[in-house]
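Scroll down for the structure; my scribbles are underneath it.
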Amino acid sequence: VQPEDQPSLEGRGVAALQNGIYGRALADFARLADLRPNDPHMVFLRANAQLQSGHLKEAVDDYTLVLKALPGDEESLFGRATARMFQADYTTAEADLAAILAKAPNAAQAIARRGHVRFLRRDYKEAAADFAQALTLPDAPADLLLWQFLAAARGGDTGAAKMLAAGMQ
């Protein structure tokens with residue numbers, strides 16, 4: 001791919017990202033961001049590659065750049081919240097999710113991610129409530145039943161805790 005062939009560079013980067021070839025994806029998206037420095041879409045692609053490759057600080061920085069150009073962009077807020085969650089920065093992760101939910105209160109993915117954040121900070125009852133709420137929505141992630149069960153068990157739900165204990169034996 002020639003550096004001037006931006007559509008091919010973008011396509012190769014997306015294909016690399018989808019196939020877990022993060023170094024290639026990062027290189028392609030970094031080159032695109034250099035070629036189109038005022039295009040937040042290119043920075044967003046690089047941010048996603050940073051997140052998926054575990055470069056959390058860089059992902060947060062890139063999502064923040066996108067949000068400066070596109071304030072309130074829900075996908076960038078979600079990506080930044082996810083990166084912050086993996087950095088154990090639960091307060092700001094939850095703030096990003098709250099910004100999404102202020103505009104879209106029934107966003108199942110954001111509610112579920114808030115549940116993950118609350119679970120990780122050991123607020124199991126709130127996490128279980130988030131998972132239960134997200135499960136009522138049509139675009140709920142498929143793994144939420146397991147997360148809801150784990151949160152309920154760790155939050156003191158004796159029925160769930162007994163089932164969890166029995167399953168571990």
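When all heavy atoms of Y63 and R80 are compared, the pair lying nearest together is CD1-N, 3.5 Å. Between Q109 and D139, the shortest heavy-atom distance links the atoms NE2-O, 3.5 Å. The shortest non-hydrogen separation linking G79 to L51 is O-CD2, 4.0 Å. Closest approach of A128 to A152, counting heavy atoms only: CB-N, 4.1 Å. A pairwise comparison of heavy atoms in A93 and R84 identifies CB-CB, 3.9 Å as the closest pair. Looking at every heavy atom in both residues, G13 comes nearest to D28 through N-OD2, 3.4 Å.
Cluster membership check: L101 does not share its hydrophobic cluster with F131, using side-chain heavy-atom separations under 4.5 Å among Ile, Leu, Val, Met, Phe, Trp and Tyr. At a threshold of 4.5 Å between side-chain heavy atoms, the hydrophobic network of Ile, Leu, Val, Met, Phe, Trp and Tyr places V60 and Y90 in two separate groups. Cluster membership check: F44 shares its hydrophobic cluster with L56, using side-chain heavy-atom separations under 4.5 Å among Ile, Leu, Val, Met, Phe, Trp and Tyr. Linking Ile, Leu, Val, Met, Phe, Trp and Tyr residues whenever their side-chain heavy atoms come within less than 4.5 Å places L70 and I100 in a single cluster. L144 and L120 are assigned to two separate hydrophobic clusters, defined by single-linkage of ILVMFWY side chains at heavy-atom distances under 4.5 Å.
Ring centroid separation for the pair H55 and Y22 does not come in under the 6.0 Å cut-off.
Within the model, atoms OG1 of T82 and CZ of R113 stand 4.0 Å from one another, a figure rounded to the nearest 0.5 Å. To the nearest 0.5 Å, the span separating CD1 on I21 from OG on S53 amounts to 13.0 Å. Once rounded to the nearest 0.5 Å, the distance linking CZ of R12 with CG of L17 reads 13.5 Å. A distance of 10.0 Å separates CG of L32 from CZ of R46, quoted to the nearest 0.5 Å. Distance check, rounded to the nearest 0.5 Å: CG of D73 to NZ of K68 gives 15.0 Å. The CZ atom of R114 sits 8.0 Å away from atom CG of L97, with the distance rounded to the nearest 0.5 Å.
Looking only at distances, no side-chain donor or acceptor of D89 sits under 3.5 Å from a matching main-chain atom of M85. In terms of modelled atom types and a separation under 3.5 Å, the side chain of S8 and the main chain of D5 share no donor-acceptor contact.
If you run side chain to side chain donor-acceptor pair (under 3.5 Å) between R36 and each of N38, D39, D34, only D39 comes through.
Contact check for F29 versus L9: no side-chain heavy atoms found under the 4.5 Å cut-off. Looking only at side-chain heavy atoms (C-beta outward), D61 and T64 stay at 4.5 Å or farther from each other. Using a 4.5 Å heavy-atom threshold, the side chains of M42 and E10 count as touching.
Every residue two or more places apart in sequence or in another chain that forms a ring pair (Phe, Tyr, Trp, His ring centres under 6.0 Å) with Y124 is listed here: F119.
Heavy atoms of other residues, nucleotides or ligands lying less than 6.0 angstrom from NZ of K103 number more than 12. No more than 12 heavy atoms of other residues, nucleotides or ligands lie within 6.0 Å of CD in E75, so this atom counts as exposed by the packing criterion.
The residues E94 and R118 are annotated as salt-bridged, a charged nitrogen and a carboxylate oxygen being separated by less than 4.0 angstrom.
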